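Nothing here was measured: the structure is a model prediction, and the numbers come from that model. Just so it is clear: chains get the letters A, B, ... in the order the sequence lines come, proteins before strands, and each one is counted from 1.
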There are 2 protein chains.
Amino acid sequence: MSRNDSEDTAPLAHRVPDLGAMELLLAVARHGSLGRAARDLGITQPAASSRVRSMERLLGVALVDRSPRGSRLTAEGVLVTDWARRVVEAAEAFDAGAQALRGRRDSRLRVAASMTIAEYLLPGWLIALRAERPGTAVSLSAGNSAVVAERLLADEADLGFVEGLGVPVGLDSAVIGHDRLVVVTAPTHPWARRRGPLLPAELAATPLISREHGSGTRQVLDAALAAHGGLAEPLIELASTTAVKAAVVSGAGPSVLSELALGEELAARRLVQIPVEGVRLRRDLRAVWRQGPLPAGPARDLLSLARPT
Amino acid sequence: MSRNDSEDTAPLAHRVPDLGAMELLLAVARHGSLGRAARDLGITQPAASSRVRSMERLLGVALVDRSPRGSRLTAEGVLVTDWARRVVEAAEAFDAGAQALRGRRDSRLRVAASMTIAEYLLPGWLIALRAERPGTAVSLSAGNSAVVAERLLADEADLGFVEGLGVPVGLDSAVIGHDRLVVVTAPTHPWARRRGPLLPAELAATPLISREHGSGTRQVLDAALAAHGGLAEPLIELASTTAVKAAVVSGAGPSVLSELALGEELAARRLVQIPVEGVRLRRDLRAVWRQGPLPAGPARDLLSLARPT
DNA sequence: ATGAGCCCATAAGCTGGGTTTATGAGCAGG
DNA sequence: CCTGCTCATAAACCCAGCTTATGGGCTCAT
């Protein structure tokens, strides 16, 4: 009834091959043969053949050159496969995260992490961990620094990750990396057209769009700008990083966010980064654990993966 | 018959919700209601309800808190949604690229780009272009610098993108960004354990895994190391960047690759970056067009998006 | 030559997940 | 207390993707 919309408005899932098809395409690229790709994925050769065909029909592009001696990607197929690989990699990160989230109490490694770290860094670490120590069952819970500390102290978690200035009492920690905070606005904002960098006092005096209290970002910003007149009252406070980004994109005002959260938006120029002069807007990313010797076993494995971020 | 493999070995697509489900989850997060999310995607409310349910069953995690006044994400749901967003974004890039690849000859903007740029940067630009100038039909063809130049001169393309040292004759150009080349090895390679940076002469003397001839990377490397004894014969030459990366990961030897191609591998520590002393391994990324005034219309729109990479 | 062993395509039939329509139940607010 | 929103359940449908069965093309070894 409503299928013949302009192709721009149809749901994404109808314009893009599904994950299984993309996996298949990657397998074809790896093996150079539809049949072997099929076997690799545990399906039959006709299934693979038909699936690749329907993918080509959907995209309107020939992806593989079939020959009696095998199948090779066409020039377009190489490109499509590379794009598909990125989708599949994102799906693998999703999977790694979801598996940890479902993780049972009896997991060998119970991790508690701040939202930002759980969202952007942990899936990658889990994939690496799976590669190095297959079969390590990890369970994940996410929350702010206080929650992480609480879980560690209650022995409900073996290893934690937090960002922010201090280390909660009762815990030992190691810095595993840093995180730059950046000032962003919509491309239409006056700051986006400035010639010189922003002065700390200007930033301090400007009401920002910010996360609700308890955010590690806020802490760092407060400390950095204390010497420049103190932080102005927020323009508006929102519940999630995503909501903040959406508000900034829509032009509601500037904000200060972790660069980890901004990859996509900066690349697509939905947001613009505003340089600031003479303030160090960095914060440490820390692994934390109950006071005492460095945790052994799987916790140590994960820690060594996370180290040089 | 072979379903009950350990859950690690089942195909990814069976462990992860499909793109439609992820889109739905994002819509639920946006709208705070299953019903409204359903309407937004053009399906009925029971369909949405059942789909979210089956997603929760698949993941083994409650994602939304249902109430008679709407649905909000649970804490786990927030995390899952953020991971899903990254998958969907990758799928959007896929879609943008695929649409351009299918683009007809009558497109308003015909782009020719080098593989690296087409693969890593163009989809993002196309998404941004779609946001700013909806309805601009773009067609894309990919090839090395010579092919790009040829297509421009034959008036089969309006705008090109190349990386490398020189600008082909007959074309004007503008630098739109830079691209660092980095030396990488498997984490097990001796270079990964060095204390100090690599010396240019060492790099020059070592056989590398490299792309086949004509690669822009090779050109730059040759020029940079000419003063240090010249580049050694390649250890092995492979057809695609992907094949090179796979070989390096497997420990076959070191290689020099564009940092654009290395995001995932470095983050997951499958590859390690080796610092090099005193050589500038950079190359320009350039937009190119037929000699004459800067192209107008959609070409100019795209150019201005690509500019400050 | 001729058969074996790859490759891929086509055809027919089954199955299950996602859909719709139809209905009901819980809570809010005029 | 009725209207309007929320979500859940049940039954029927449909199609995408799967399997099995088959055939044709090419290459290589016998």
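Separating the NE2 atom of B/His14 from the C1' atom of D/dC18 is a distance of 10 Å, rounded to the nearest angstrom. Rounded to a whole Å, the CZ atom of A/Arg72 is 15 Å from the P atom of C/dC7. Protein atom CD of A/Glu23 is 14 Å distant from nucleotide atom P of D/dG17, rounded to whole Å. Atom-to-atom, CZ of B/Arg53 to C1' of C/dG17 comes out at 16 Å; the value is rounded to the nearest Å. Between B/Arg57 atom CZ and C/dG18 atom C1' there is a gap of 12 Å when expressed in whole angstrom units. Taking atom CD of A/Glu56 as the reference point, atom P of C/dA9 lies 9 Å away to the nearest angstrom. Across the protein-nucleic acid pair, A/Leu19 atom CG and C/dG17 atom P stand 17 Å apart, rounded to whole Å.
In the displayed structure, B/Arg108 atom CZ is contacted under 6.0 Å by at most 12 heavy atoms of other residues, nucleotides or ligands. In A/Arg30, the CZ atom is crowded: over 12 heavy atoms of neighbouring residues, nucleotides or ligands sit closer than 6.0 Å.
In this model, the phosphate group of D/dG25 is not approached by any side-chain N or O of A/Ser67 to a distance below 4.0 Å at OP1 or OP2. Between A/Arg51 and D/dC18 there is a side-chain N or O to OP1 or OP2 distance below 4.0 Å. Of the side-chain N and O atoms in A/Arg66, none sit less than 4.0 angstrom from OP1 or OP2 of D/dG25.
Residues of residues 24-34 of chain B that place a heavy atom closer than 4.0 Å to DNA chain C do not occur.
Using a distance-only test at 3.5 Å, with no hydrogens or angles considered, no donor-acceptor pair links the side chain of A/Ser255 to the main chain of A/Val248. Judged by distance alone, the side chain of B/Glu23 and the main-chain N or O of A/Leu12 form a donor-acceptor pair under 3.5 Å. In this structure a side-chain-to-backbone donor-acceptor pair under 3.5 Å is missing from A/Arg72 to A/Gly70.
With C/dT10, D/dG17, D/dA8 as the choices, the nucleotide that has an atom nearest any side-chain atom of A/Asp18 turns out to be D/dG17. Taking only side-chain atoms of B/Ile43, from C-beta outward, the nucleotide of C/dC8, C/dT20, D/dT19 with the closest atom is C/dT20. Of the listed nucleotides (C/dT19, C/dT10, C/dC7), C/dT10 has the atom at the smallest distance from the side chain of A/Ser49. Ranking C/dC7, C/dA22, C/dA9 by closeness to the A/Arg39 side chain, first place goes to C/dC7. The side chain of A/Arg36 approaches C/dC7 more closely than any other nucleotide in the set C/dC7, C/dC8, D/dC7.
Taking each heavy atom of B/Pro207 and B/Pro234 in turn, the nearest pair found is CB-C, 4.3 Å.
For the residue pair A/Ser141/A/Arg151, the side-chain donor-acceptor check at 3.5 Å is satisfied.
Nearest-nucleotide positions on DNA chain D place B/Ser50 closer to the 5' end than the other of A/Thr44 and B/Ser50.
Of the inter-residue distances, the one linking B/Trp125 atom CH2 with B/Ile117 atom CD1 reads 5.5 Å to the nearest 0.5 angstrom.
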**Prompt:** Run the side-chain contact (heavy atoms from CB on, under 4.5 Å) check on B/Leu26 and B/Thr81 step by step: do they pass?
**Reply:** CA-CA 6 Å; B/Leu26 297 185; B/Thr81 303; 3.4 Å; yes
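The side-chain contact (heavy atoms from CB on, under 4.5 Å) test applied to B/Ala128 returns B/Leu305, not counting sequence neighbours.
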**Complete:** Each nucleotide of nucleotides 24-30 of chain C classed B (base within 4.0 Å of a protein heavy atom), S (only sugar-phosphate) or -, in 5' to 3' order, makes --BSS--
